[in-house]
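Keep in mind that this is a model prediction, so the values were computed, not measured.
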Amino acid sequence: MEPMTMLGALVGTLLNKIFPGWLITLLLVLLLGITAKRTWTKGMTGWKKESLHAHVRKSREDEASSHRTSVDGITDALVQNEHPSMANGIPSKVLRSTTLEEEEAAQAAAHAILEGGKGSLQLQNLLLSESQHLHYVGDVATLMTLLASSFALSILRGRSFTASPLGIRCGSPAYWTLNGLQFVLVFCASALIRNKLMRRHKWKLEHGYPFLPDDVKWDYKTTTKYPIMCVGAGLCAGMFGIGGGIVKGPLMLEMGMLPAVASATSSFMILFTALTAALNYALLGALDVYYAPLLFVIGLGGTFIGQWIIGNLIKKFNKQSIIVLAIAVVIAVSAVAMGCVGIITTVNGVKHDESQGFHKLCTISPDDDYQ
């Protein structure tokens, strides 16, 4: 998903340079407004579902309070008693459950191991690998390589008002060739990761992997559909300069991910999307580095405070949907704030006779040396 998000960010930064400010503001407010509404609806649905699960769970506990044992305890005891050699390698957190559906999945995992025969050892190793995230190292290495390659090509291409290290002029065939090469690299990285995901998913199916209800099944359809959707998320991130998380988080919720998983995953992906967009903004001369230290401190402090508040609320109410509702509120506030700032900026621009039409991508400065 992330390579295609980076592709969208590359295109979005170019559009940001071309589109007038009032159009960008209008599109941004519309996007955030629609996203906030859908995310709030998703959060309220999750809240009701979690409340229902809590009620059913409490009813079960009341009916058999003296005999009920936790799912982890049942699973570990069952495996330990009948297959001691298999129990030692499975951490309890692999089979840990938070919902009724996940309890059933945990029981299915134990059953698959007990009944799997020779393949049960492979399933056990797969569960251990999943819990330790060992197989994701290669995926991250691919993304880091792609990011470094994209940086190198962007620097060689240069920016619109300064000659590149190779003397490439903005808008020239060489300029667009390097742009196209970036797109090719992104497509290749996306195809590589897609192939690995599909093979991993097929292997899980063959060995009876106990999927949870909210797991994303990376088959042919999802590995095609979701990356295409991520192009749109990256496009918005690059064109509006919003980092991508404010769009990617709700997108992952639409995919059916757990709120905590969606929040953590989108936060990780922001690193690559934001760096891609930021570098291209810098090369286009649209990045004010003097704001960076202040915004970094504010962002870092806000992250710690937000994590602490949301974490305490989740512990108090035992509902993951609080994350979704918080995202919806932040998006709605952002829509209002960005709308107000955009209106003020546009009005000031009109007063000072600034052009409100489309701009040229390659604006030559007197300091350019293209002779």
Side-chain angles (χ1 to χ4, degrees), residues 1 5 8-9 11-47 229-255 257 259-260 262-267 269-271 273-274 276-278 281 286-288 291-292 294-296 298-303 305-307 309-310 313 320-350 354 356 358:
M1 291 174 61
T5 309
V11 177
T13 53
L14 298 178
L15 294 179
N16 178 275
K17 182 69 175 179
I18 297 172
F19 285 5
W22 63 266
L23 180 57
I24 293 176
T25 300
L26 177 61
L27 294 175
L28 176 58
V29 172
L30 288 175
L31 171 69
L32 295 180
I34 295 172
T35 303
K37 183 180 183 300
R38 291 184 63 88
T39 305
W40 180 264
T41 302
K42 189 82 173 179
M44 292 305 300
T45 301
W47 180 283
M229 294 171 65
C230 284
V231 174
L235 183 68
C236 294
M239 184 164 58
F240 302 136
I242 54 178
I246 205 168
V247 178
K248 189 67 70 65
L251 173 62
M252 290 184 173
L253 292 173
E254 292 291 334
M255 292 167 54
M257 286 188 178
S263 177
T265 305
S266 62
S267 297
M269 295 172 72
I270 288 173
L271 169 66
T273 308
T276 301
Y281 274 127
L287 184 67
D288 193 337
Y291 283 115
L294 175 61
L295 295 178
F296 173 79
I298 295 175
L300 186 64
T303 299
I305 295 173
Q307 290 279 7
I309 293 175
I310 296 299
L313 289 175
Q320 293 287 325
S321 54
I322 292 176
I323 299 176
V324 185
L325 296 175
I327 293 175
V329 172
V330 170
I331 295 175
V333 172
S334 299
V336 175
M338 293 300 296
C340 293
V341 171
I343 291 174
I344 294 173
T345 302
T346 301
V347 171
N348 288 335
V350 172
E354 296 178 1
Q356 300 300 314
F358 289 86

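To the nearest 0.5 Å, the span separating OG1 on Thr45 from CH2 on Trp40 amounts to 11.5 Å. Between the CD1 atom in Ile322 and the CD1 atom in Ile309 there is a gap of 12.0 Å [rounded to 0.5 Å].
Looking at Leu235 and Leu15, their side chains come closer than 4.5 Å, going by heavy atoms from C-beta outward.
Atom CD of Gln307 has 12 or fewer neighbouring heavy atoms from other residues, nucleotides or ligands inside a 6.0 Å radius.
Residues passing the side chain to side chain contact (heavy atoms under 4.5 Å, CB included) test with Ile24, sequence neighbours excluded: Asn16, Phe19, Phe240. Taking the side chain to side chain contact (heavy atoms under 4.5 Å, CB included) definition, one finds that Leu300 meets it with Phe296, Phe304, sequence neighbours left out. Under the side chain to side chain contact (heavy atoms under 4.5 Å, CB included) criterion, Ile18 pairs with Phe358, Leu361, not counting sequence neighbours. Scored by the side-chain hydrogen bond (donor to acceptor under 3.5 Å, both in side chains) test, Ser321 finds Glu50 as partners (sequence neighbours excluded).
Across every non-hydrogen atom of Gly349 and Gln356, the tightest pair is C-NE2, 3.8 Å. Heavy-atom minimum distance, Thr35 versus Thr39: O-OG1, 2.7 Å. Nearest heavy atoms, Thr5 versus Cys230: OG1-CB, 3.3 Å.
Identified under the salt bridge (Lys or Arg N to Asp or Glu O under 4.0 Å) test for residues 28-39, with sequence neighbours left out: Arg38-Glu254.
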Please report, to 0.1 Å, the donor-acceptor pairs under 3.5 Å made by any side chain of residues 326-347, with sequence neighbours excluded.
| unit_1 | atom_1 | unit_2 | atom_2 | d |
| --- | --- | --- | --- | --- |
| Ser334 | OG | Val330 | O | 2.8 |
| Thr345 | OG1 | Val341 | O | 2.8 |
| Thr346 | OG1 | Gly342 | O | 2.8 |

